[in-house]
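This one's a predicted model, so the numbers in the text were calculated from it and none came from an experiment. Basis for what follows: all heavy atoms, side chains included, without hydrogens, waters or symmetry-related copies.
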Amino acid sequence: MVWTGTWVSDRLGIELAGDDELRGLLGLALRRNPKRAHLLVSGVLGKHVPQLPSVVHGHGVTLGRRVRALLGPEEAARAVVLGYAETATALGHAVADGLETSPYLHSTRRPVASVPSAGGFEESHSHATSHLLLPEDPAFFDRGGEADRGPLVLVDDEFSTGNTVLNTLRDLHARHPRDHYVIVALVDMRAAGDAGRLAAFAEETGARVDVVAHARGTVRLPEDVLARGLRLVEEQDGRTADPLVPCAPAVAPVRLELGWPAGLPDGGRHGFTPDHRARLREALPAMAARIVDGLGGPEQAGRVLVLGFEELMYAPLVLARALEEAGLDVRFSTTTRSPVLAVDDPGYAIRTRLAFPAHDDPADGPGERYAYNVAGGGFDTVLAVVDSAADTPALHAPGGLLAQLATAAPRVALAVVPAHTPVPRTPDRQEPSVLPAPLRGPDFSSYEPDDVGWLLQDLSAVRLEAPVEEREEAVQRGGAHYAESLPVEYQPTEEYQELYRDALAGSAARIARAVGTVTELVLAERSPRPVLVSLARAGTPVGVLMRRWARHRHGTELPHYAVSIVRGRGIDANALRWLAAHHDPADVVFVDGWTGKGAITRELADALAGFPGFDPEIAVLADPGSCVRTYGTREDFLIPSACLNSTVSGLISRTVLRDDLVGPHDYHGAKFYRELSGSDVSRDFVAAVEDRFDEVADAVDQQVKEAASADRAPTWEGWAAVERISEEQGIHDVNLVKPGVGETTRVLLRRVPWKILARRGAGADLAHIRLLAEQRGVPVEERDDLPYTCVGLIHPRYTRGATGADGKAVGSA
């Protein structure tokens, strides 16, 4: 029989070395993922390859019994088991079955409003990497008491580099330290250096760390395997067609009622106890009988595939096992998020692929999902088992999962397991996670839904606009804060729009280079899987572009949110609480468009003092003020998104913070200007820059290489320059001095400008500044000594009619 890794091995020189069982457990395929070329495809996991349910469950149970023997009865009775989403959720549950007395939890990528995260970590090589730990019982990890915690058993399908496990160990040891960890995997494929890192963790913490696996070995990879693998995927894409029907019709599957026991969790997403295990075992025979009856008996059912759903692996697996015990010819596998190349060759582990849209409204936005080796599998019936959260119109739509399954088998059936809803926590633990989910387009903003989630409340129905002059007067008299109202949106003239279009055409490549550079620095220095949090609204187009760069260059889908920060009032604390409940704060990277004098940089650092774990350093596109160390460039140049207001920022207003509108448990507010959709260029701006990504790739690589060895420590020279200008001009208030092209544009669009200082010979970067200044009757002074391209000065003592720094009017307005 041909080994299902032969095709990849022959073309890329990838080899498996180790125990004799390895080739029986693993095949090879190619990922559609620029982080790692190959995929080890387990034949006994029940994910990518349909397998007998007894084989899938039996491998996990056997590992659990080995762990029980290793621990001994006393330690085993106190152990807790943690599995990894999505691939190892059923394997971990089966290991817990083998231990018999252990509660089980698996990580998840599905946040739940009533359950704050008890931890989080990264799986850096995966297509989708962020893991949340959401136990319903807040004492899950403290079984046995804080002073005598039992062993923690961590279960994954493969133990390759050990990065995922180390990330988990460090996170959980910091929160719930214990003296014994057991790592369980079907295969242990670590190299010697990787094994040394786990030993170093044990020495550093004083904890014992054991490893239990069915087989051990290593993967031998040629040095250039990643580049060659990517080329091979591209070549195959041109030769093969996926066995999917994009316009497959909607189907009406046979819907089977399971009679799932009330209150029984559907799996380990929020914890699964020994009592739950006993209830499920008791109920399985009756549920299997209902399925057999609903399919018309074994003969009419024929060869059956029970197809689970992403993280929902265990419930479908044990249902399939019960059907197998009832005499049906059954195999088991699961849908997945992971994009893998399909090649119809007996020496390749992924023969066929069905693709379909996500159907459970995932928190990280819509995307494509897959079912492998279903088409061509000779199945008479496919029984899809999903939880109730995934039983949506998208599941039943043309081109959805059920329709795609109908192209692969004569009969499709559906069984729905009730999604477990955890009991809400007490109010003091509940507050961060009951905050509303992020707003997304098209209901709020004109961006694509997965481009950004706005941690804001929608104030579109509230009248907040006031004339610019009226707002300025109220602010300077101390009777109002600039964040309590909105300026009337500037409607650009045709001449100004033409300047914007010219500016974009001339600077798109320059912006793309800066976007690429700052994104690569973030990925290399901050987190391999950062959570981008842009400061609304100037930072949001940059966050969208950084997310697009990561996807374009690395195939990585980064989470991106927009939050409000207000000078003098701080950042939106409720937004931070939501982020901390759904992501690891250490992975959050705050993003802004540019720095001026660094006021927001300082504001953010002060605001985060009460939120440990968040890194206050901002990543910006341009840092002319030398305020940060993570930037795309330090040149002060025209970023066209600064030329306009909402029409280049998803039609979202600047943020609003007012006591009568924003309560203590509310997000800051903003408006969605739907009525300006005819003038919206937000998507066009992003597309124009994204179109230049390929041409600047080499330049980005060079800039990142240079940045790695450069001294990028902030000098704050911009702040010093602003203080000097403030005194020279008789203003004596640095808040009224707005340095840089972006800040000067804001002064002209949203405040009452007094004058503009421009670096002599600045040229095209200031064309829109000069036009706006002319339209508003603001003088422009040419200077030779400016560290910025230009500086905008807000009128220092504004009352309507004032013209000078002393506030005295020479004429009546």
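- Summarising the local packing, CD of E774 is surrounded by 12 or fewer heavy atoms from other residues, nucleotides or ligands at distances under 6.0 Å.
- Between the CZ atom of R537 and the CD1 atom of I652 there is a distance of 9.0 Å, given to the nearest 0.5 Å.
- For the pair P436 and Y667, the tightest heavy-atom approach, listed with the atom from each and the gap, is O-OH, 2.7 Å.
- Atom-to-atom distance recorded for E520:CD and M546:CE is 10.0 Å, nearest 0.5 angstrom.
- For the atom pair OG1 of T655 and CG of L459, the computed distance is 10.0 Å after rounding to the nearest 0.5 Å.
- Using modelled atom types, one finds a donor on one side chain and an acceptor on the other under 3.5 Å when comparing S527 with D587.
- Pairing each heavy atom of A375 with each of T352, the nearest pair is O-OG1, 2.8 Å.
- Summarising the geometry of L558 relative to R547, their closest heavy-atom pair is O-NE, 2.7 Å, with the distance given to 0.1 Å.
- In this structure, the side chains of Y370 and H48 stay at 4.5 Å or more apart for every pair of heavy atoms.
- Rounding to the nearest 0.5 Å places OG of S682 at 5.0 Å from CG of L651.
- Heavy-atom minimum distance, V233 versus R31: CG2-O, 3.7 Å.
- Remark: E525 engages R629 in a salt bridge, criterion side-chain N to carboxylate O under 4.0 Å.
- Formation of a donor-acceptor pair under 3.5 Å by the Y372 side chain with backbone atoms of A342 is not found in this model.
- Side chains of Y447 and T540 form a contact here, defined as non-hydrogen atoms less than 4.5 Å apart.
- Using modelled atom types, no side-chain atom of R369 and backbone atom of T335 make a donor-acceptor pair closer than 3.5 Å.
- Between V515 and L621, the closest side-chain pair of non-hydrogen atoms falls below 4.5 Å.
- For F614, the ring pair (Phe, Tyr, Trp, His ring centres under 6.0 Å) test picks out no residue, with sequence neighbours left out.
- Shown here are the salt bridge (charged side-chain N to carboxylate O under 4.0 Å, His left out) partners of R231, two or more places apart in sequence or in another chain: there are none.
- Between the side chain of H560 and the backbone N or O of L532, no donor-acceptor pair lies under 3.5 Å.
- Side chain of R529 to backbone of E557: a donor-acceptor contact under 3.5 angstrom is found.
- In terms of the ring pair (Phe, Tyr, Trp, His ring centres under 6.0 Å) criterion, W716 has no residue partners (sequence neighbours excluded).
- The residues R109 and E310 are annotated as not salt-bridged, no charged nitrogen and carboxylate oxygen being separated by less than 4.0 angstrom.
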> For Y673 and D680, what are the C-alpha separation, side-chain angles and deciding distance, and is it a side-chain contact (heavy atoms from CB on, under 4.5 Å)?
Replying inline: CA-CA 10 Å; Y673 290 116; D680 187 34; over 6 Å; no

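- In this structure, D636 contributes its side chain and T789 its backbone to a donor-acceptor pair below 3.5 Å.
- Side-chain N or O atoms of H359 include one that pairs as donor or acceptor with a backbone N or O of A390 at under 3.5 Å.
- The aromatic rings of H582 and W578 lie parallel to each other, with less than 30° between the two planes, well short of the 60° mark.
- Put simply, the side chain of Y788 does not reach to within 4.5 Å of the side chain of L757, judged on heavy atoms.
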>> Walk me through whether D701 and R553 qualify under salt bridge (charged side-chain N to carboxylate O under 4.0 Å, His left out).
In response: CA-CA 11 Å; D701 290 344; R553 191 81 188 275; 2.9 Å; yes

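- Although no hydrogens or angles enter the test, the distance criterion places no donor-acceptor pair under 3.5 Å between the side chain of T647 and the main chain of V681.
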>> Let's go through L28 and W7 carefully: what are the C-alpha distance in whole Å and the side-chain angles of both, what is the deciding distance for side-chain contact (heavy atoms from CB on, under 4.5 Å) to 0.1 Å, and is it a yes or a no?
In response: CA-CA 8 Å; L28 292 173; W7 192 92; over 6 Å; no

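- Remark: side-chain polar atoms of T744 are paired, donor with acceptor, to backbone N or O of G792 under 3.5 angstrom.
- Across G539 and D592, no two heavy atoms sit closer than the pair N-OD1, 3.5 Å.
- The side-chain heavy atoms of S534 and V542, taken from C-beta on, include no pair separated by under 4.5 Å.
- Note that the CG atom of L39 and the CD1 atom of I350 stand 6.5 Å from one another [nearest 0.5 Å].
- At least one side-chain heavy atom of D450 sits less than 4.5 Å from a side-chain heavy atom of R551.
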>> Run E448 and R548 through side-chain contact (heavy atoms from CB on, under 4.5 Å) and show every step you take.
In response: CA-CA 11 Å; E448 296 284 352; R548 295 284 186 96; 4.2 Å; yes

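- Taking CH2 of W454 as the reference point, atom NE2 of H668 lies at 15.0 Å (rounded to 0.5 Å).
- The minimum heavy-atom distance between S646 and L676, with the atom names listed, is OG-CD1, 3.8 Å.
- Without hydrogens or angle criteria, E617 side chain to T630 main chain gives a donor-acceptor distance under 3.5 Å.
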>> What verdict does the side-chain contact (heavy atoms from CB on, under 4.5 Å) test give for V8 and V343, after you've listed the backbone C-alpha separation in whole Å, the side-chain angles of each residue and the deciding distance to 0.1 Å?
In response: CA-CA 10 Å; V8 174; V343 178; over 6 Å; no

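- Contact annotation: the side chain of L545 approaches that of F685 to within less than 4.5 Å [non-hydrogen atoms, C-beta and beyond].
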> Given T745 and H768, is the side-chain hydrogen bond (donor to acceptor under 3.5 Å, both in side chains) satisfied, shown in steps?
Replying inline: CA-CA 8 Å; T745 305; H768 77 294; 2.8 Å; yes

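- Within the 4.5 Å cutoff, no side-chain heavy atoms of R501 are placed close to those of L504.
- We find that E706 and R712 are not joined by a salt bridge, their nearest charged nitrogen and carboxylate oxygen being 4.0 Å or further apart.
- In this structure a side-chain-to-backbone donor-acceptor pair under 3.5 Å is missing from R228 to E223.
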